[in-house]
Amino acid sequence: MFKVVFLAGPTAVGKTEYAIRLAEDLNGEIISADSMQIYRYMDIGSAKPTADERRRVKHWLVDEIDPKSPFNVSSYQQLAKKYINDVHMRAKLPIVCGGTGLYFNSLLYEMDFAAPEGDEGYRKKLLEKYDTPEKLFERLRSLDSSAAKEDDKNNLKRIARYIERLEKGEARLAGFADIKRKNKDYEPLFICLCMDRKKLYERINRRVDMMMAAGLPDEVKKLREMGFKPSDIAMKGIGYKELMEGRPQDEAAEEIKKATRHYAKRQIIWFRRYGDDIKYFDVDTDGYDKVLAWVKEKL
RNA sequence: GCCCAGAUAGCUCAGUCGGUAGAGCAGUAGACUGAAAAUUUACGUGUGGCUGGUUCGAUUCCGGCUCUGGGCA
């Protein structure tokens, strides 16, 4: 069991900068927990650390996957665990930094992705067989009533996946009762950066304008020329999907701002679930020095 | 100056044959085990522009005023 810094927070709050400074001050390396920065060619829209920043501190899991190749939490978990161990073995401090909540879960908890891998064809057939949300939901209830939660009644994607797992042999779905079984490999120093909501939303709006000015439309154009289509999963990323649709730039920019604000809000809500396991720092009222001091104290 | 249309939730608008009003978006709170920047659940009271009149009762009908579009001069 060794110490690992986990640095979370909503998009645009300033995680990248804090992570880099921590890595410099504490002899660390950064393992990204970001589902978009992991893809190559998607630089501006995913707000990747700059080449200069990556020269200052070694980053893992940034720019590592081709947007064409399939990637998911399970793959992330494998790779991230490997890198965390590598960094630790070299006597450096692993700093996991990003905004993808599920990826954090895959490291913080004993999430087991062993058995049935997702089979899109299988799920498609389920959706044909149970062709209304009600029927699909009923099927899930008959297999595992505790898994059939009201919040998911119209969440076809998720219900289909749950049914798939149950039909393929899982007696009941893990993850409802025992998701809180903590991973014993690491002792997490879990930080969440926060900021006044209004300020964050304004920051997001400004950042989107900067991305547009920095050439996001061209980046998307290149991706299209490389053969990527709106249906590709990596192209569902905010900023990419809106521009892939080919709408006027100013209109797309507004949509991107809105989607990013919604995303930030979902992240904030996600991180709340960790309760007392997470230490909050307000970037405006606390600042970097308090974060550094807190980590030093815990190390 | 005249004519027409409009003025209702933060925004765009609907509706009420007269019984004080509801959608979408925005916003807020949640859910979350192979797409997760994904997917999904819940939450809607506002001086109905102002002011007179008719009426048991007006946001609704009538008059005046103000403002905003558009047209004519």
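By convention in this document, chain letters (A, B, ...) are assigned in the order of the sequence lines, proteins followed by strands, and residues within each chain are numbered from 1. Please read these numbers as outputs of a predicted model, since none were measured by experiment. All values below were derived from every heavy atom in this structure, side-chain atoms included, with hydrogens, water molecules and symmetry-related copies excluded.
Nucleotides B:G22 and B:G46 have their P atoms positioned 13 Å apart, rounded to a whole Å. If you take atom P in B:G6 and the same atom in B:C61, they sit 10 Å apart, rounded to whole Å. Taking atom P on both nucleotides, B:G69 is separated from B:G64 by 22 Å, rounded to a whole Å. Only the P atoms considered, B:U47 is 7 Å distant from B:G10, to the nearest whole Å. Rounded to whole Å, the C1' atom of B:U20 lies 15 Å from the corresponding atom of B:U55. If you take atom P in B:U59 and the same atom in B:C67, they sit 23 Å apart, rounded to whole Å. Only the P atoms considered, B:C3 is 30 Å distant from B:A58, to the nearest whole Å. Across B:G19 and B:A26, the matching P atoms stand 32 Å from one another, rounded to whole Å.
Counting heavy atoms from C-beta on, the side chains of A:L166 and A:L140 come closer than 4.5 Å.
Regarding contacts with the backbone of B:U28, a side-chain N or O of A:Y201 is found under 4.0 angstrom from either OP1 or OP2. For the pair A:R261 and B:G27, the criterion of a side-chain N or O lying under 4.0 Å from OP1 or OP2 is met. Between A:Y109 and B:U33 there is no side-chain polar atom (N or O) within less than 4.0 angstrom of OP1 or OP2. Between A:R123 and the phosphate of B:A35, there is a side-chain N or O to OP1/OP2 separation shorter than 4.0 Å. Regarding contacts with the backbone of B:A29, a side-chain N or O of A:R197 is found under 4.0 angstrom from either OP1 or OP2. Residue A:K265 has a polar side-chain atom (N or O) positioned under 4.0 Å from OP1 or OP2 of B:U28. Look at A:R161 and you won't find any side-chain N or O under 4.0 angstrom from OP1 or OP2 of B:U33. One finds a side-chain N or O of A:R272 lying less than 4.0 angstrom from the OP1 or OP2 phosphate oxygen of B:A29.
Here the C1' atom of nucleotide B:A31 and the CZ atom of A:R273 are 8 Å apart, to the nearest Å. Here the P atom of nucleotide B:A42 and the NZ atom of A:K149 are 14 Å apart, to the nearest Å. The NZ atom of A:K168 sits 15 Å away from the C1' atom of B:U33 (whole-angstrom rounding). Rounded to whole Å, the distance from CG on A:N154 to C1' on B:U39 is 11 Å. Here the C1' atom of nucleotide B:A29 and the NE2 atom of A:H262 are 14 Å apart, to the nearest Å. With rounding to whole Å, A:R158 atom CZ is found 5 Å from B:U33 atom P. Between A:I159 atom CD1 and B:U33 atom P there is a gap of 12 Å when expressed in whole angstrom units. B:A36 atom P lies 9 Å from atom CZ of A:F71, rounded to whole Å.
Closest-nucleotide positions on RNA chain B for A:Q267 and A:N72 were compared, and the one nearer the 5' end corresponds to A:N72. Remark on RNA chain B: of its neighbouring residues A:K153 and A:S74, the 5'-side contact belongs to A:S74, judged by nearest-heavy-atom nucleotide.
Separation of the A:F190 and A:F104 ring centroids falls under the 6.0 Å cut-off.
Considering only the side chain of A:I269, B:A29 comes nearest among B:A29, B:A26, B:A38.
From A:E53, atom CD reaches atom CD1 of A:I20 across 4.0 Å, with rounding to the nearest 0.5 Å.
Base pairing analysis places B:A26 opposite nothing; no Watson-Crick or G-U wobble pair with both distances below 3.5 Å involves it. When both distances must be under 3.5 Å, the Watson-Crick or G-U wobble mate of B:A7 is B:U66.
Between the side chain of A:D151 and the base of B:U41, no donor-acceptor pair under 3.5 Å is found. At a cut-off of 3.5 angstrom, counting only N and O atoms as typed in the model, there is a donor on one side and an acceptor on the other between the side-chain of A:K157 and the base of B:A38.
Within a 6.0 Å radius of NZ in A:K68, more than 12 heavy atoms belonging to other residues, nucleotides or ligands are found.
Ring planes of A:W294 and A:F281: perpendicular class, angle over 60° (limits at 30 and 60°). Using bins of under 30°, 30° to 60° and over 60° for the plane-to-plane angle, the ring pair A:Y186/A:F2 lands in the perpendicular bin.
A donor and an acceptor atom, one from each side chain of A:T260 and A:R207, are nowhere located under 3.5 Å apart.
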